[in-house]
Amino acid sequence: MIDALVIGGGAYGCDIAAELKSIGFERVVLAEREVCLFGRASYANQARIHNGYHYPRSITTAERSRINFERFVQDYPEAVLSRMVKLYAIAKDSRISAHQFAVFCERIGAPYHAAPPRFENLFDPALIDAVFVTAELAFDATVLARHMQERLRQLKVDVRLGTEARIVGGDSAGASYELNGQRGRARWLFNCTYSDIGRIGIGIETRIKRELAELALVRPPSALDGLGITVLDGPFFSLMPFPALGMYSLSHVRYTPHQASLDPTERLAPVIANASYMLRDTARFVPSMSSCRYETSLFEIKATIARNEDDDGRPILFERNKEHPRIFSILGAKIDNIYDTRAYLRSLHWSD
Ligand SMILES: Cc1cc2nc3c(=O)[nH]c(=O)nc-3n(C[C@H](O)[C@H](O)[C@H](O)COP(=O)(O)OP(=O)(O)OC[C@H]3O[C@@H](n4cnc5c(N)ncnc54)[C@H](O)[C@@H]3O)c2cc1C
């Protein structure tokens with residue numbers, strides 16, 4: 001019997017496996033279905049190290065991001081793209097005004113100032129009310145993955161790549177599982193499979209919304225070199241550096257989501273890319289984007305807690321199975337919020 005099985009080698013599963021070792025678990029196995037760590041959502045995302053700005057409608061998520069941002073930037077300097085300028089532009093028909101955005105930044109203590117004319121002039125003044133320079137950065141997921149692989153090696157976590165896990169059941173002494181069809185037992189089991197969280201053998205109580213999302217990978221014109229741009233608050237877009245490929249990712253509130261489902265068994269499959277719509281709409285606000293070069297699209301399933309649909313909040317879900325209390329399902333959220341799972345693990349008693 002092993003001490004713990006962690007299923008899922010994304011940012012959350014890796015960090016949880018490492019943390020379990022640090023708090024004294026001896027035999028920890030990490031099972032990942034893909035052939036590498038960080039092969040799914042922890043790679044195919046907008047690489048934003050959240051600092052709160054993105055969540056004017058969820059103060060709790062904004063404040064957690066503010067708290068974890070500094071720590072993440074200090075802990076992973078090699079994965080952080082620090083030479084970038086992040087602009088937040090407030091659209092004329094935004095759900096929040098420029099004044100409200102400024103008050104929100106003050107409230108969460110996030111630095112901001114009015115953008116100088118060279119940045120302001122990038123936007124169409126007929127559509128944009130105000131532009132702010134903020135302190136938001138991007139991370140390189142491939143560097144983070146390498147860092148995590150080395151940390152797991154040093155801590156002697158048994159990492160099994162190309163290994164499909166399935167939860168069979170649980171009892172008062174532990175949990176039963178299958179790894180590529182082979183039965184095993186663990187004293188504790190951690191399901192960190194994100195968009196597969198309700199699909200690997202046992203259900204979870206919390207309703208999860210799965211949404212097939214498209215990110216367009218693009219090469220913007222040189223006038224936008226080193227810039228990230230988010231237009232708030234409504235059916236607008238975000239352009240962020242994507243350091244892992246030396247490109248930029250473009251997401252659009254209207255065109256990034258393709259298909260969504262609350263049914264964990266429903267298959268969400270990539271369809272025709274919406275990138276051309278994203279680019280066309282973006283160029284209305286930032287005219288130089290009309291000469292942006294489209295490379296390809298990344299498709300990934302985003303998983304969020306259904307009840308947070310309206311407030312846009314992105315809390316981490318920690319669900320301990322009521323019937324089998326040695327099984328935990330943990331739905332990851334923002335990458336720089338991994339620290340909150342460490343605090344959670346340390347708050348529990350791991351007696352036999
Ligand atoms: C389009 C998009 C944009 C985003 N933008 C940002 C952003 O800018 N900044 C940010 O901080 N966050 C962002 N996020 C959210 C962030 O990417 C996720 O919250 C985070 O990556 C979740 O990490 P994870 O480890 O829980 O999930 P994952 O990285 O998906 O890891 C789960 C792992 O479980 C594995 N797995 C699944 N089933 C099994 C099984 N049966 N057996 C073995 N392994 C299995 C999968 O292969 C996968 O590797 C974005 C997400 C999406 C989809």
Side-chain angles (χ1 to χ4, degrees), residues 2 4-17 19-20 28-34 39-42 45 58 60-61 64 163-179 183-213 257 259-268 300-335 337-338 340-345 347-350:
I2 59 173
L5 173 68
V6 179
I7 308 175
Y12 278 79
C14 289
D15 203 73
I16 285 167
E19 187 63 13
L20 292 174
V28 177
V29 173
L30 172 68
E32 166 54 49
R33 184 168 56 195
E34 304 286 328
R40 292 290 308 270
S42 296
N45 63 63
S58 176
T60 320
T61 299
R64 286 314 314 159
T163 301
E164 169 115 30
R166 192 164 175 76
I167 303 171
V168 176
D171 52 45
S172 60
S176 306
Y177 58 80
E178 282 178 3
L179 295 184
R183 278 279 175 122
R185 291 269 299 161
R187 291 198 306 125
W188 302 94
L189 192 148
F190 300 84
N191 168 12
C192 309
T193 55
Y194 192 59
S195 56
D196 282 313
I197 195 164
R199 295 154 53 91
I200 65 158
I202 58 157
I204 64 166
E205 274 194 3
T206 311
R207 286 210 318 158
I208 302 296
K209 178 182 164 201
R210 293 182 310 128
E211 178 179 277
L212 180 66
Q259 233 188 314
S261 178
L262 291 170
D263 174 359
T265 61
E266 190 172 343
R267 186 162 177 269
L268 304 176
E300 183 51 84
I301 296 172
K302 187 177 250 182
T304 49
I305 300 173
R307 64 172 174 265
N308 288 111
E309 180 89 340
D310 291 337
D311 69 3
D312 234 11
R314 293 287 180 267
I316 301 167
L317 171 72
F318 300 100
E319 191 181 295
R320 190 168 188 170
N321 191 287
K322 287 210 177 96
E323 222 182 307
H324 311 301
R326 286 177 174 258
I327 300 177
F328 294 81
S329 291
I330 297 167
L331 180 76
K334 301 301 153 194
I335 303 264
N337 286 352
I338 44 174
D340 294 351
T341 58
R342 296 187 195 172
Y344 172 75
L345 293 176
S347 72
L348 298 177
H349 296 291
W350 301 105

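Being a predicted model, the structure only gives us computed values, none of them experimental.
Legend: salt bridge (Lys or Arg N to Asp or Glu O under 4.0 Å) pairs involving residues 188-208, not counting sequence neighbours, sorted by first then second residue: R33-D196, D196-R199, E205-K322.
With T163 contributing its side chain and L179 its backbone, the two residues share no donor-acceptor pair below 3.5 Å.
A heavy-atom distance below 4.5 Å is found between the side chains of I305 and P315. Between R210 and L268, some side-chain heavy-atom pair lies under the 4.5 Å cut-off. Between F190 and L345, the closest side-chain pair of non-hydrogen atoms falls below 4.5 Å. Side-chain contact between I16 and F328 is absent, with no heavy atoms from C-beta onward closer than 4.5 Å. Counting heavy atoms from C-beta on, the side chains of Y194 and L331 come closer than 4.5 Å.
Ring geometry, F318 versus Y344: the interplanar angle falls under 30°, so the pair is classed parallel (tilted spans 30 to 60°).
Of all the heavy atoms in I338 and Y12, the pair that sits closest is N-OH, 3.6 Å. G198 and P264 make their closest contact through O-CB, 3.9 Å (heavy atoms, listed as atom of the first residue, atom of the second, distance). Scanning both residues, A165 and A31, for their nearest heavy atoms gives CB-CB, 4.3 Å. The heavy-atom pair separating L20 from A4 by the smallest distance is CD1-CB, 3.9 Å.
Rounding to the nearest 0.5 Å places CG of D15 at 10.5 Å from CD1 of I330. Residue E19 holds its CD atom at 7.0 Å from OG1 of T341, rounded to the nearest 0.5 Å. Atoms OG and CG, on S176 and L5 in that order, are 11.0 Å from each other to the nearest 0.5 Å. In this structure, CG in L30 is found 5.5 Å from SG in C14, a value given to the nearest 0.5 Å. Atom CZ in R307 sits 14.5 Å away from atom NZ in K209 (nearest 0.5 Å). If you take CD1 on I301 and CD1 on I208, they are separated by 13.0 Å, rounding to the nearest 0.5 Å.
E266 pairs by the side-chain hydrogen bond (donor to acceptor under 3.5 Å, both in side chains) definition with S261, not counting sequence neighbours. The side-chain hydrogen bond (donor to acceptor under 3.5 Å, both in side chains) test applied to R326 returns no partner, not counting sequence neighbours. A search for side-chain hydrogen bond (donor to acceptor under 3.5 Å, both in side chains) contacts involving R40 returns E300, not counting sequence neighbours. Partners of T206 according to the side-chain hydrogen bond (donor to acceptor under 3.5 Å, both in side chains) rule, which considers only residues two or more places apart in sequence or in another chain, are E319.
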Evaluation steps, side chain to side chain contact (heavy atoms under 4.5 Å, CB included), between L317 and S329: CA-CA 8 Å; L317 171 72; S329 291; 5.7 Å; no

If you look only at distance, which donor and acceptor atoms sit under 3.5 Å apart when one is on a side chain in residues 167-175 and the other is two or more places apart or in another chain?
{"from": "D171", "atom 1": "OD1", "to": "A173", "atom 2": "N", "distance (Å)": "2.9"}
{"from": "D171", "atom 1": "OD1", "to": "G174", "atom 2": "N", "distance (Å)": "3.0"}
{"from": "D171", "atom 1": "OD1", "to": "R185", "atom 2": "NH2", "distance (Å)": "3.3"}
{"from": "D171", "atom 1": "OD2", "to": "R185", "atom 2": "NH1", "distance (Å)": "3.1"}
{"from": "D171", "atom 1": "OD2", "to": "R185", "atom 2": "NH2", "distance (Å)": "3.4"}

